[in-house]
S.K.: 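One structure, as structure tokens, below. Some questions next.
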Amino acid sequence: METDSDVTVVGAGPVGLVLAAELALAGATVQVLERRAEPDQAMKAQGITVPTAVTLDRRGLLPAAEQVQREALERMSSPAGDGRAAGSRLTGHFAGMVLDADLVDWSDPDLAAYATAGGTRIVPQPRLEALLAEHVARLGVPVHRGVEVTALDDTGDGVVVGTTAGGVRTGWLAGCDGGHSTVRRLAGIAFPGTDPELTGYQAVADIADPRKLTEGWVWSSRGTYRYGPQPGRLVTLDFDTSFADRSAPVTLEEVQASLRRVSGTDVTLTALRATPTRWSDNTRQAAAYRSGRVLLAGDAAHVHPPFGGQGLNLGVGDAMNLGWKLGAVVAGWASEELLDTYETERRPVGAWVLDWTRAQIGILRGDAKSAALRAVVADLLATRDGTTYAVKQTLGVTHRTDLPGEHPLTGRLVPDLRLADGSRPADHSHDGGFLLLDRTPDGTFARIATAWTGRVHSVTDEPATPAGVLVRPDGVVAWATDTADPAGLDAALHRWAGAPAHSPAA
Ligand SMILES: Cc1cc2nc3c(=O)[nH]c(=O)nc-3n(C[C@H](O)[C@H](O)[C@H](O)COP(=O)(O)OP(=O)(O)OC[C@H]3O[C@@H](n4cnc5c(N)ncnc54)[C@H](O)[C@@H]3O)c2cc1C
């Protein structure tokens with residue numbers, strides 16, 4: 001392990017890897033400590049939503065993710081379940097109600113804004129983690145496996161970290177160590193929320209008598225299950241929390257018993273084909289995302305059931321938001337006030353995702369009242385507006401960070417603008433810095449930004465609307481205008497990119 005690295009990230013899950021990469025791009029020295037000797041191959045997230053795809057796009061990783069998706073689509077034998085057949089638009093579901101891609105208004109500006117990233121969804125978590133591990137390795141970040149963090153002491157000017165491989169000192173400690181976060185517990189951060197009332201399983205199994213099951217989502221008074229779209233793929237959701245040990249490996253008997261209960265059949269599983277997962281609807285958010293020199297991101301900061309497929313994406317958003325800010329504090333060009341905006345900006349998104357999943361559990365309980373409510377929601381989702389609304393929420397394209405500025409792009413994830421040379425903002429964002437798009441006839445905006453050279457990279461383009469866009473390293477638009485008037489640009493640069501390092505060009 002490195003002694004005296006600027007930041008130590010605990011956990012080499014998707015969030016820890018993205019955070020480590022962003023810190024490295026920001027110039028910080030960083031190491032990752034991971035207790036697992038080998039990467040986790042368990043079936044967790046199957047897909048990514050638009051903000052994660054935008055993130056991959058902006059770091060040059062989208063082509064590799066698209067290749068993973070192509071391979072996944074080829075393996076799918078049937079379109080059953082959620083409209084994920086090859087060639088169709090990928091949407092998802094709400095409480096098991098498939099969001100009909102053909103009903104969605106894809107010309108809706110929120111959806112149309114992300115044409116490139118919007119095309120990617122199916123990237124199983126182990127494949128995403130492998131892709132991110134390669135990215136981190138290219139950036140020279142060491143990942144120390146088989147090292148479990150067991151203690152921490154925040155000394156005010158750094159953190160002394162106790163691990164199973166000895167002690168190490170670091171400037172900052174980032175807990176990306178999942179829902180049972182040791183870092184969160186050691187930092188004394190409370191984790192309030194709502195208790196679980198169900199047990200879910202995800203597995204791929206050999207089934208002796210698959211005709212006893214119905215493809216797609218099926219509801220019963222005991223819960224719900226989904227069979228497909230890949231051969232043998234099963235999801236069950238069982239309103240029973242009586243299993244003995246949450247940390248014990250999931251057995252074939254356990255998945256079969258759950259499937260039998262919720263399907264009301266005597267279906268028989270003969271083998272499990274991938275490492276299955278068990279989850280609950282334990283739904284909680286950390287009382288604080290930061291305590292002194294300790295920060296939390298991803299599942300360490302919030303947990304909720306995987307319904308709607310948002311957890312990984314939420315965590316990647318945290319990592320993108322935190323990475324450049326902590327990097328700026330470490331580099332010395334930003335004060336800790338910038339770090340405070342991490343929690344103010346990310347807490348509301350986390351709270352929203354928690355409620356989005358709670359709402360789904362609420363209509364799945366299986367009693368007469370939730371069945372009636374589900375019927376009402378099904379009616380709404382059968383409309384163009386209803387499905388478009390749910391798809392926009394599920395794909396994560398509606399969120400707006402509350403930032404100063406009147407332009408409709410401010411606070412949004414940078415859209416997929418086409419520049420005159422055919423490139424897009426994402427193509428100019430691989431290095432992790434700020435991007436200023438200048439479409440004034442005389443380069444007015446770029447001239448102002450020369451005072452921030454090194455932090456802000458300007459790209460000039462033919463005159464077009466929007467005329468100017470300042471994009472933060474996390475992809476959020478900090479300032480935008482439709483005119484050649486630079487009002488507000490200087491303030492936005494000072495606010496987000498710190499004090500200028502140079503004099504502006506004459
Ligand atoms: C069945 C299932 C389906 C899901 N489906 C989706 C989906 O479709 N879409 C979606 O977006 N999300 C989904 N999720 C959620 C997603 O898997 C998680 O949100 C995501 O893994 C969180 O990433 P993370 O990096 O924060 O934490 P994790 O992936 O949990 O990674 C934490 C890492 O920290 C390590 N660690 C823990 N403690 C220590 C310690 N003390 N010292 C060192 N290392 C430690 C762990 O070994 C682990 O590698 C699903 C989850 C499940 C269970």
Side-chain angles (χ1 to χ4, degrees), residues 11-22 39-77 79 81-93 99 101 111 114-138 176 178 202-204 226 228-231 233 235 273-277 279 298-299 306-320 353 391 394-397 413 416 426 429-430 475:
V15 177
L17 292 172
V18 171
L19 179 59
E22 291 305 296
D40 190 1
Q41 296 303 320
M43 294 177 71
K44 293 199 251 177
Q46 296 299 311
I48 58 171
T49 58
V50 171
T52 302
V54 169
T55 294
L56 297 179
D57 192 17
R58 295 180 62 252
R59 297 297 180 252
L61 304 173
L62 192 60
E66 282 175 337
Q67 178 56 28
V68 172
Q69 162 158 290
R70 270 192 295 277
E71 291 167 17
L73 284 170
E74 278 164 19
R75 278 196 302 275
M76 285 187 182
S77 67
D82 51 6
R84 289 179 170 191
S88 73
R89 298 251 200 180
L90 305 170
T91 50
H93 68 92
L99 302 172
L111 289 167
Y114 304 104
T116 305
T120 300
R121 280 266 343 248
I122 303 174
V123 185
Q125 190 163 332
R127 299 291 304 273
L128 179 67
E129 288 180 22
L131 195 152
L132 292 172
E134 284 169 17
H135 177 52
V136 159
R138 278 193 297 271
C176 303
Q202 183 170 241
V204 178
R226 185 181 72 174
Q230 299 101 321
R233 177 144 188 252
V235 173
R273 285 286 157 223
T275 311
T277 41
W279 78 87
D299 277 15
F307 252 53
Q310 311 255 1
L312 178 152
N313 295 281
L314 179 60
V316 168
D318 291 348
M320 290 303 291
V353 170
V391 165
T394 303
L395 293 186
V397 296
L413 214 47
D416 213 13
S429 304
H430 295 188

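Any value given below was found using the heavy atoms of this structure, including those in side chains, with hydrogens, waters and symmetry copies removed. In this text, all values refer to a predicted model and were calculated from it rather than measured experimentally.
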S.K.: Side chains of Arg121 and Gln46: is there a donor and an acceptor less than 3.5 Å apart?
M.R.: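 The answer is no; no qualifying pair exists.
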S.K.: For Glu134, give me all partners under side chain to side chain contact (heavy atoms under 4.5 Å, CB included), at least two apart in sequence or on another chain.
M.R.: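 For Glu134, the residues satisfying side chain to side chain contact (heavy atoms under 4.5 Å, CB included) (neighbours in sequence not counted) are Arg138.
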S.K.: Between Ala133 and Leu17, which heavy-atom pair has the shortest distance, and what is it?
M.R.: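 Where Ala133 meets Leu17 most closely, the heavy atoms are N-CD1, 4.0 Å.
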S.K.: Testing the basics here: between Val15 and Ala319, what is the closest heavy-atom pair and its distance to 0.1 Å?
M.R.: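 Closest approach of Val15 to Ala319, heavy atoms only: O-CB, 3.7 Å.
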S.K.: Contact between Pro124 and Val68 at the side-chain level, heavy atoms closer than 4.5 Å - yes or no?
M.R.: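 Yes, their side chains come closer than 4.5 Å.
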S.K.: Apply side chain to side chain contact (heavy atoms under 4.5 Å, CB included) to Val54 and list each qualifying residue two or more places apart in sequence or on a separate chain.
M.R.: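 With neighbours one apart ignored, the set is Val50, Arg58, Tyr114, Ala117, Leu413.
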S.K.: Is a donor on one side and an acceptor on the other found under 3.5 Å between the side chain of Gln202 and the backbone of Thr277?
M.R.: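 Checking the backbone N and O of Thr277 against the side chain of Gln202, no donor-acceptor pair under 3.5 Å is found.
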S.K.: Which residues pass the side chain to side chain contact (heavy atoms under 4.5 Å, CB included) test with Ala203, sequence neighbours left out?
M.R.: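 So Ala203 forms a side chain to side chain contact (heavy atoms under 4.5 Å, CB included) with Val255, Leu272, Pro276.
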S.K.: Keeping to residues at least two apart or across chains, list the salt bridge (charged side-chain N to carboxylate O under 4.0 Å, His left out) pairs with something in residues 39-54.
M.R.: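 For residues 39-54, and leaving out neighbouring residues, the salt bridge (charged side-chain N to carboxylate O under 4.0 Å, His left out) pairs sorted by first residue read Arg36-Asp40, Asp40-Lys44.
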S.K.: Asp299: which residues meet the salt bridge (charged side-chain N to carboxylate O under 4.0 Å, His left out) condition with it, sequence neighbours left out?
M.R.: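 By the salt bridge (charged side-chain N to carboxylate O under 4.0 Å, His left out) rule, Asp299 matches no residue at all.
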S.K.: Where is the tightest heavy-atom contact between Pro14 and Leu312, given as atom of each residue plus distance?
M.R.: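 Heavy atoms only, the tightest pair is CG-CD1, 3.9 Å.
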S.K.: For the residue pair His93 and Phe307, categorise the inter-ring angle as parallel (less than 30°), tilted (30 to 60°) or perpendicular (more than 60°).
M.R.: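 It falls in the perpendicular class, over 60°.
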S.K.: Just how far is it from atom CG of Leu62 to atom CD of Gln67, taken to the nearest 0.5 Å?
M.R.: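 Those atoms lie 12.0 Å apart.
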S.K.: Of all residues at least two apart in sequence or in a different chain, which pass the side chain to side chain contact (heavy atoms under 4.5 Å, CB included) check with Val391?
M.R.: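 Side chain to side chain contact (heavy atoms under 4.5 Å, CB included) list for Val391, sorted by chain: Thr91, Leu99, Val104, Trp106, Leu111, Thr387, Leu395.
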S.K.: At what distance, to the nearest 0.5 angstrom, does CG of Asn313 lie from OG1 of Thr55?
M.R.: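 Reported value, rounded in 0.5 Å steps: 9.0 Å.
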S.K.: Once you round to the nearest 0.5 Å, how far does CZ of Arg127 lie from CD of Glu129?
M.R.: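 One gets 12.5 Å once the value is rounded to the nearest 0.5 Å.
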S.K.: Check the pair His430, Arg59 against side chain to side chain contact (heavy atoms under 4.5 Å, CB included), reporting the backbone distance first and the verdict last.
M.R.: CA-CA 4 Å; His430 295 188; Arg59 297 297 180 252; 5.8 Å; no
S.K.: Could you check if a side-chain atom of Arg226 sits within less than 4.5 angstrom of a side-chain atom of Arg233, using non-hydrogen atoms only?
M.R.: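 In short, these two side chains touch, coming nearer than 4.5 Å.
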S.K.: Can you check whether Val204 reaches Gln230 side chain to side chain, under 4.5 Å on heavy atoms?
M.R.: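 Val204 vs Gln230: side chains apart.
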S.K.: Closest heavy-atom contact between Pro51 and Gly396?
M.R.: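 Pro51 and Gly396 have their closest heavy atoms at CG-O, 3.3 Å.
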S.K.: Going by side-chain contact (heavy atoms from CB on, under 4.5 Å), Leu56 matches just one of Leu132, Val316, Val123. Which one?
M.R.: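 Going through the options one by one, the only one that passes is Leu132.
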